[in-house]
Amino acid sequence: MNQDYIKPDNWSIIEEGFDVESVKSSESLFSIGNGAMGQRANFEESYTGETFQGSYIAGIYYPDKTKVGWWKNGYPKYFAKVLNAPNWIGIDIEINDENLDLNSCTAVKNFRRELNMKEGWYNRSFEATLKNGTEIGVNIRRFLSLNLDEIGVINYEITPLNKDAKIVYKPYIDAGVTNEDANWDEKFWEILDVKRTGNEAFITAQTYKTHFKVTTFMQNTILVNGKNSNISPSNVKTGNDKIQLSYDVLIAKGQNSSIQKIGGYTVSLNHTNTQSGAENAIKEALAKGYGQLLEEQIEAWAKIWEMSDITIDGDVKAQQGIRFNIFQLNQTYLGKDSRLNIGPKGFTGEKYGGSTYWDTEAYCIPFYMATKDQQVARNLLTYRYNQLDKAIENAQNNLGFKNGAALYPMVTMNGEECHNEWEITHEEIHRNGAIAFAIFNYYRFTGDYSYIPEKGLEVLIGIARFWHQRANFSNDKNQYVILGVTGPNEYENNVNNNFYTNYIAKWCIDYAYEQIQKVSLEYPSDHKRIIEKVKLSDAELHDWKKVSGNMYFPKSEELGVYLQQDGFLDKDLVLVNDLDKSQRPINQKWSWDRILRSPYIKQADVLQGFYFFEDHFSTEELKRNFEFYEAFTVHESSLSPCVHSIQAAKLDKMDMAYTFYLRTSRLDLDDYNKEVEEGCHITSMAGTWMSIVEGFGGMRVKDNALHFSPKIPKEWTGYSFKINFRNQILKVTVNHSDTQLTLEGSKELTVFVNGNAVLVEPNSLVTV
């Protein structure tokens with residue numbers, strides 16, 4: 001059974017009723033972020049039940065020493081941990097001399113959480129009876145400002161319900177935090193300074209090894225019945241890594257008081273002096289005040305939704321799912337800073353570490369290209385260009401490659417490989433292909449070729465050199481082969497001739513070769529600069545083409561399918577439908593040895609190749625491969641359902657496409673993989689967007705034009721989305737009878753619907 005306690009709603013994530021069993025899951029689902037920082041939905045007040053405390057700052061990490069039982073040459077020396085940052089949200093509460101703790105209250109009624117995605121705030125309310133008999137009503141609202149992205153705000157309001165109450169608010173900031181996933185139980189923060197001035201407090205800390213400086217700060221205002229009480233702390237406790245202020249308030253039954261707490265982080269990535277930066281951030285927030293900050297938050301989110309929203313009519317759960325995915329993507333990355341990227345858990349948990357995987361190039365870039373200015377996607381490509389030297393070092397130092405061959409890391413913060421599983425780090429080399437494909441995809445969508453001669457061609461050359469050297473000639477097959485790899489299906493390690501890996505290797509070499517020729521003709525000065533820099537010769541190019549022109553692809557002529565790898569048909573081919581449900585998910589029930597010997601597929605592998613290179617294959621080939629491989633796919637990767645949904649829609653398998661869409665859109669909300677308490681699956685959420693736009697909408701870019709082949713699930717009455725295509729914003733609305741197109745801007749646009757050209761004039765409606 002999947003979880004089902006989240007209430008269906010078009011614009012909000014809602015939980016009603018207090019259940020200790022769902023606390024950690026809700027901490028993930030109700031997480032908030034603003035691109036610069038984020039936090040799990042931990043309670044502000046004390047909580048002695050099970051909880052996973054987590055606050056995170058973009059770009060701040062710690063190189064935790066790799067911990068393995070048996071060290072192998074080439075292992076990364078560290079695993080880059082997304083750091084649990086100092087906690088600024090904490091507010092201990094005393095009511096008539098008793099600590100408020102929902103885990104020990106005699107009664108908790110009318111508990112409700114709401115994550116309002118439309119307006120960008122998180123609210124929690126409840127009524128509680130303490131052991132001393134005092135009954136209180138509590139309402140807390142929290143948000144992280146999009147406009148002032150170093151600032152977060154909490155409004156914590158208490159109303160005594162059955163008697164007068166002495167309330168003591170004890171806000172604090174605490175840098176004595178640890179990571180749950182620390183390899184060696186080390187502390188990652190060194191405290192440099194603890195300071196308090198009036199209602200403000202600051203802790204400046206520095207990460208060990210990486211030496212990022214962070215000032216965590218808070219400012220507190222106490223209100224009674226909505227008016228500033230202008231009271232000062234009655235007590236101050238200052239420790240080595242924590243500072244707590246106390247405010248005493250006497251409140252009559254039925255009246256209310258609240259603490260408004262401003263908090264956040266200033267970091268050395270952006271400030272020479274983080275302490276003064278924090279002071280200025282507080283001043284700016286106070287000048288605006290809580291009401292204006294909230295109003296600006298609502299306006300900022302309205303602007304985001306104006307472009308990125310997808311509407312679904314007639315299916316509330318489907319609508320809630322896609323908006324949750326879009327909301328989390330925008331909370332995680334807004335494209336303001338090319339030093340940042342999109343981690344697989346975003347700001348919702350610590351698992352996986354690192355700030356970028358191949359997920360960014362394969363899944364996220366299409367979402368950001370289509371819903372934001374193209375500069376955002378270009379920033380993501382520039383991130384990889386800036387780390388090219390590290391990719392070359394990785395191939396040279398860890399794999400013995402030469403001559404500028406580049407292997408981009410599986411996981412990274414600064415360009416160095418920091419993934420500590422051998423089978424992934426050194427075998428899942430297909431990630432190189434996704435990075436090259438993203439360059440192709442960016443140009444295909446935006447029409448901005450300038451990136452390739454300026455930066456991208458160097459990346460393509462490094463990747464092509466890697467594939468040229470990684471392949472070897474098989475005398476037995478009389479073709480080039482690629483041995484000892486892990487494909488996208490991580491339930492097979494150290495296999496030979498993974499179809500997807502071999503295919504994308506060939507494509508990368510051919511694409512790099514084509515771009516070298518194009519740049520030589522159209523950008524001769526860039527061509528000369530690059531060729532001299534990388535020392536590329538015609539003889540080397542000739543050797544590349546020998547490899548790409550004679551690459552081996554395993555195939556079963558009898559079945560008419562490409563083989564996932566040479567030995568796939570040697571397995572005991574028991575279909576997923578014939579697998580006892582008690583054995584699922586197999587990654588939690590089976591030994592790794594049993595998984596590796598099984599035919600079960602974690603996510604699209606051969607089908608990932610068909611997704612990227614759809615135009616290279618016939619629809620009949622897709623159908624045969626889809627029907628064969630989907631039957632063995634357990635979808636135990638968050639990246640799996642979206643690709644299958646897109647391809648099922650392409651094949652008119654609409655019931656299957658819809659089922660996969662629900663699974664990808666509600667993967668976390670319904671906790672399909674039974675792990676949401678560890679954090680949400682942020683990067684796969686971009687795949688959810690693709691499953692509507694590319695799946696049901698059938699959007700493709702061919703010959704510099706947008707093509708659509710719209711389809712609609714029977715469960716929906718209609719849906720709509722917007723695409724920013726080459727600085728022209730097109731809205732597509734699909735229902736069961738027709739497709740409507742509207743265009744913002746001043747120029748007409750020709751698009752293709754089901755193969756027919758349609759001219760769309762600006763600010764007019766075209767119905768097809």
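Throughout, residue positions are numbered sequentially from 1 according to the sequence presented.
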Side-chain donor-acceptor pair present, Tyr383, Thr360, cut-off under 3.5 Å
no
Going by distance alone, is a donor N or O of one side chain under 3.5 Å from an acceptor N or O of the other, for Asn147 and Ser145?
no
Aromatic ring pairing Phe18/Tyr47, orientation class (parallel under 30°, perpendicular over 60°, tilted between):
perpendicular
Thr274 and Thr215: side chain donor to acceptor below 3.5 Å:
yes
Between Phe188 and Tyr62, what is the ring plane arrangement, given parallel below 30°, perpendicular above 60°, and tilted in between?
parallel
Gap between atom CG of Asn87 and atom OG of Ser55 - 0.5 Å precision:
5.5 Å
Could you tell me whether the side chain of Thr210 reaches within less than 4.5 Å of the side chain of Pro63, counting heavy atoms only?
yes
Check this for me: does any side-chain nitrogen of one of Arg112 and Glu15 sit under 4.0 Å from a carboxylate oxygen of the other?
no
Do Asn330 and Lys372 have side-chain atoms, one donor and one acceptor, less than 3.5 Å apart?
yes
Salt bridge between Lys253 and Asp164, side-chain N to carboxylate O under 4.0 Å?
no
For a 4.5 angstrom cut-off between non-hydrogen side-chain atoms, does Ile304 reach Leu146?
yes
Centroid-centroid distance, Tyr265 to Phe217, less than 6.0 Å:
no
Between Lys345 and Glu350, does the salt bridge (charged side-chain N to carboxylate O under 4.0 Å, His left out) criterion hold? Intermediate values first, please.
CA-CA 7 Å; Lys345 291 296 182 187; Glu350 299 167 9; over 6 Å; no
Arg142/Glu44 ion pair, N-O < 4.0 Å
yes
Would you say Asp193 and Thr204 are linked by a side-chain donor-acceptor pair, where the criterion is simply a distance under 3.5 Å?
no
Residues Arg124 and Glu45 bridged, charged N to O under 4.0 Å
yes
Please determine, by modelled atom types, if Gln331 and Gln328 share a side-chain donor-acceptor pair under 3.5 angstrom.
yes
Polar side chain donor-acceptor pair, Gln244 to Asp92, under 3.5 angstrom:
yes
Electrostatic pair Glu744-Lys722, nearest N-O below 4.0 angstrom:
yes
Test: Glu114 and Lys7 ion pair at under 4.0 Å:
no
Could you tell me whether Asp241 and Lys187 make a salt bridge, using a distance below 4.0 angstrom between a side-chain N and a carboxylate O?
yes
Please check if any side-chain donor atom of Asn199 sits under 3.5 Å from a side-chain acceptor atom of Tyr247, or the reverse.
yes
Note: Lys131-Glu98 ion pair, threshold 4.0 Å (strictly below)
no
Would you say Glu27 and Thr51 are linked by a side-chain donor-acceptor pair, where the criterion is simply a distance under 3.5 Å?
yes
Taking Glu135 first and then Lys163, would you say they form a salt bridge - that is, a charged N and a carboxylate O separated by under 4.0 Å?
no
Do the side chains of Lys237 and Ile243 get nearer than 4.5 Å, heavy atoms only?
no
What do you reckon, is CG of Asn240 surrounded by more than 12 foreign heavy atoms closer than 6.0 Å?
no
Will you find, in the side chains of Asn325 and Ser665, an N or O donor that is under 3.5 Å from an N or O acceptor?
no
With no hydrogens and no angle check, just 3.5 Å: does a side-chain donor-acceptor pair link Asn123 and Arg141?
yes
Is the closest side-chain donor-acceptor distance between Ser28 and Thr348 under 3.5 Å?
no
Can you classify the ring geometry of Phe30 versus Tyr122 as parallel (below 30°), tilted (30 to 60°) or perpendicular (above 60°)?
tilted
Taking 4.0 angstrom as the limit, do Arg339 and Asp337 come out as a salt bridge?
yes
Does a donor on one side chain and an acceptor on the other come within less than 3.5 Å for Asn103 and Thr48?
yes
State, with a plain yes or no, whether a side-chain heavy atom of Thr683 is found less than 4.5 Å away from one of Tyr363.
no
Residue pair Asn379 / Gln375, side-chain donor-acceptor N/O under 3.5 Å:
yes
For the residue pair Gln374 and Tyr368, confirm or rule out a side-chain donor-acceptor distance under 3.5 Å.
no
